[in-house]
2 protein chains.
Amino acid sequence: MPRQVDHDERRRRLTEALLRIASTRGLRAVSMREIAAEAGVSLRVVQYYFTNKQALLESGLTELGARMDRRVKQRAAASGELTPRGVLAAVLGAILPFDEQSELDSMAWTAYYSAALTDPALAAVGVTLPNALEDFLTARLAAARQAGDIAPDRDPRTEVAGLLALANGLTSSVLSRQRSHAAATEIIDYYLDRLFGPAAT
Amino acid sequence: MPRQVDHDERRRRLTEALLRIASTRGLRAVSMREIAAEAGVSLRVVQYYFTNKQALLESGLTELGARMDRRVKQRAAASGELTPRGVLAAVLGAILPFDEQSELDSMAWTAYYSAALTDPALAAVGVTLPNALEDFLTARLAAARQAGDIAPDRDPRTEVAGLLALANGLTSSVLSRQRSHAAATEIIDYYLDRLFGPAAT
DNA sequence: CCGGAATGGATACAGTCGTATCCTAACAGC
DNA sequence: GCTGTTAGGATACGACTGTATCCATTCCGG
């Protein structure tokens, strides 16, 4: 076995190059040759480490999901809050684009989302994270209701679904510069106040 | 002047063909030749009535906006309610995909939205309607607050922005089959109850 | 030290893309 | 009826696409 190379590392570099193109110029600008150029390698190398363009695309979406997951956990840990509201605020805040990298990732995510509407393979990869997020938050909120932190007439599943949809919609408006990040955060806080009662965070 | 032809009518047919492709197979499947085939004409005809592919794309987005506008007005008129809540419910209900055609249009809209993130010309066309909608609803809600229909501590602009973002986010989840139309409507009603107080519609 | 697997450079292939060009009907005004 | 503009059929161009193939390295295990 000559010239052993770390395949995972190579694939990671290529996937990152793909996401860089997708987030700045859109998925339609992603081609095997463009990825090769962006990663500074030859076309053959891209072909060598990914059998297909499809496989490459799916790898990009998987990576995007992993990044979002990392951001959520990181933010939840950083805020350090263990209150239900703290968890919700951290997760929703991690969905909104809050710095340059997360904004780029959100753009790529948006491109993938619309591609998934007409590509079942991508759709299958893409639903994993949102579903996991919704289940996780629903469980947390159900526990909070048990503990009496929120009113018993609130349905945790409906609340979480609404808040997640809200965060996604706000992300869209932030990406299209209709709204600033600060304004979006304000709206989320506004709704959290409504849910938990107006408590200072 | 020989063989006079209704240019607007021809362009409309081509635009509709474009949207049919975009909503079922995505914007990336839209090509001049595909549009020609879908409309049952030759490639030359498509070129003849639209100078550019770009012009064709912009025409598609304009048409999507017009359809949405029509739907909003139609639903508002059909519900016949003049109450602030009725207007809000009608508009938000018109944003959600509620039948096959509006679902197809929502898919096309999503495709356009992500394309607009990397295409300034499309972005310019696409922001018109959402902004108009937000301004219209904000004015309505401000009037409602004046009239005492909602609590005076609610900020109309924030409320409207939140509700529109919510409707957009719910549309996404309905399109990706994460949620049914009924479930999405329920969530919207839930939030409207929160805003106006639990009144029967 | 050498045969063979791992890695990747160079190039080719068959399609498809947007756009441009050439040419022929069709028909209103003179 | 001739003319000139309008409407479109047919075809071509060069660029780009994903994928496949051929071939030269590199270097580990025997």
Side-chain angles (χ1 to χ4, degrees), chain A residues 1-22 24-61 111-112 115-116 118-122 125, chain B residues 1-22 24-61 111-112 114-116 118-122:
Chain A
M1 284 126 192
R3 175 79 96 92
Q4 277 298 24
V5 155
D6 185 342
H7 280 222
D8 287 341
E9 199 271 346
R10 275 271 199 280
R11 274 192 268 264
R12 219 196 55 223
R13 277 204 195 293
L14 292 172
T15 302
E16 285 168 0
L18 152 62
L19 289 180
R20 246 174 285 139
I21 298 171
T24 54
R25 288 183 285 148
L27 264 185
R28 43 162 286 158
V30 169
S31 75
M32 303 289 266
R33 282 167 241 257
E34 279 296 324
I35 294 171
E38 175 71 30
V41 298
S42 77
L43 170 60
R44 186 67 231 279
V45 171
V46 182
Q47 286 188 285
Y48 190 75
Y49 290 98
F50 288 94
T51 57
N52 254 349
K53 186 185 182 182
Q54 185 69 23
L56 203 24
L57 286 177
E58 292 172 18
S59 166
L61 184 50
Y112 266 109
T118 53
D119 183 338
L122 287 183
V125 177
Chain B
M1 281 135 195
R3 177 82 97 88
Q4 277 296 26
V5 156
D6 186 343
H7 281 222
D8 287 340
E9 200 272 344
R10 276 268 198 282
R11 273 192 268 264
R12 220 197 54 222
R13 277 205 194 292
L14 292 171
T15 303
E16 285 168 0
L18 153 60
L19 289 180
R20 247 174 285 138
I21 299 170
T24 54
R25 289 182 287 149
L27 265 185
R28 41 162 289 160
V30 170
S31 74
M32 304 289 265
R33 281 166 244 257
E34 279 297 324
I35 294 171
E38 175 71 29
V41 297
S42 77
L43 169 61
R44 186 67 232 281
V45 172
V46 183
Q47 285 187 285
Y48 190 76
Y49 290 98
F50 288 93
T51 57
N52 256 349
K53 185 184 182 183
Q54 184 70 23
L56 203 23
L57 286 178
E58 291 172 18
S59 165
L61 184 48
Y112 266 109
S114 81
T118 53
D119 183 338
L122 286 184

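By convention in this document, chain letters (A, B, ...) are assigned in the order of the sequence lines, proteins followed by strands, and residues within each chain are numbered from 1.
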Looking at [options], which one has an atom nearest to any side-chain atom of [X]?
X       : options               : value
B/Arg44 : C/dC17, D/dG9, C/dT11 : D/dG9
A/Lys53 : D/dA12, D/dG8, D/dT19 : D/dT19
B/Arg33 : D/dT17, D/dG8, C/dT19 : C/dT19
B/Leu43 : D/dG8, D/dT11, C/dG8  : D/dT11
A/Tyr49 : D/dG8, C/dG8, D/dT11  : C/dG8
A/Asn52 : C/dT19, D/dT19, C/dG8 : D/dT19

Using atom [atom1] of [X] as one end and atom [atom2] of [N] as the other, report the distance to the nearest whole Å.
X       : N      : atom1 : atom2 : value
B/Gln54 : C/dC17 : CD    : C1'   : 15 Å
A/Ile21 : D/dT17 : CD1   : P     : 10 Å
A/Ile35 : D/dC16 : CD1   : C1'   : 15 Å
B/Arg10 : D/dG8  : CZ    : C1'   : 9 Å
A/Arg28 : D/dC16 : CZ    : P     : 13 Å

Task: Residues in salt bridge (Lys or Arg N to Asp or Glu O under 4.0 Å) contact with B/Arg33, at least two apart in sequence or another chain - done: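 Salt bridge (Lys or Arg N to Asp or Glu O under 4.0 Å) list for B/Arg33, sorted by chain: empty.
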Within the pair [X] and [N], is there a side-chain N or O less than 4.0 Å away from OP1 or OP2?
X       : N      : value
A/His7  : C/dA6  : no
A/Tyr48 : C/dT7  : yes
A/Ser31 : D/dT17 : yes

Open item on the list: Under a 3.5 Å cutoff, is there a donor and acceptor pairing between the side chains of A/Asn52 and A/Glu58?
Closed with: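 Distance-only check fails for A/Asn52 and A/Glu58.
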Open item on the list: For a 4.5 angstrom cut-off between non-hydrogen side-chain atoms, does B/Leu19 reach B/Tyr112?
Closed with: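 SC-SC contact between B/Leu19 and B/Tyr112 confirmed.
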- [ ] May I ask you to test the A/Asp8-A/Arg11 pair for a side-chain heavy-atom distance under 4.5 Å?
- [x]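 In short, these two side chains touch, coming nearer than 4.5 Å.
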Task: Residues that A/Thr118 engages under side chain to side chain donor-acceptor pair (under 3.5 Å), provided they are two or more places apart - done: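 None.
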- [ ] Could you check whether A/Phe50 gets within reach of a base, just the sugar-phosphate, or nothing at all, counting any heavy atom under 4.0 Å?
- [x]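 No contact at all - A/Phe50 keeps every heavy atom at 4.0 Å or more from the nucleic acid.
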Open item on the list: Reading DNA chain D from 5' onward, which residue's closest nucleotide shows up sooner: B/Gln47 or B/Asp6?
Closed with: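 That would be B/Asp6.
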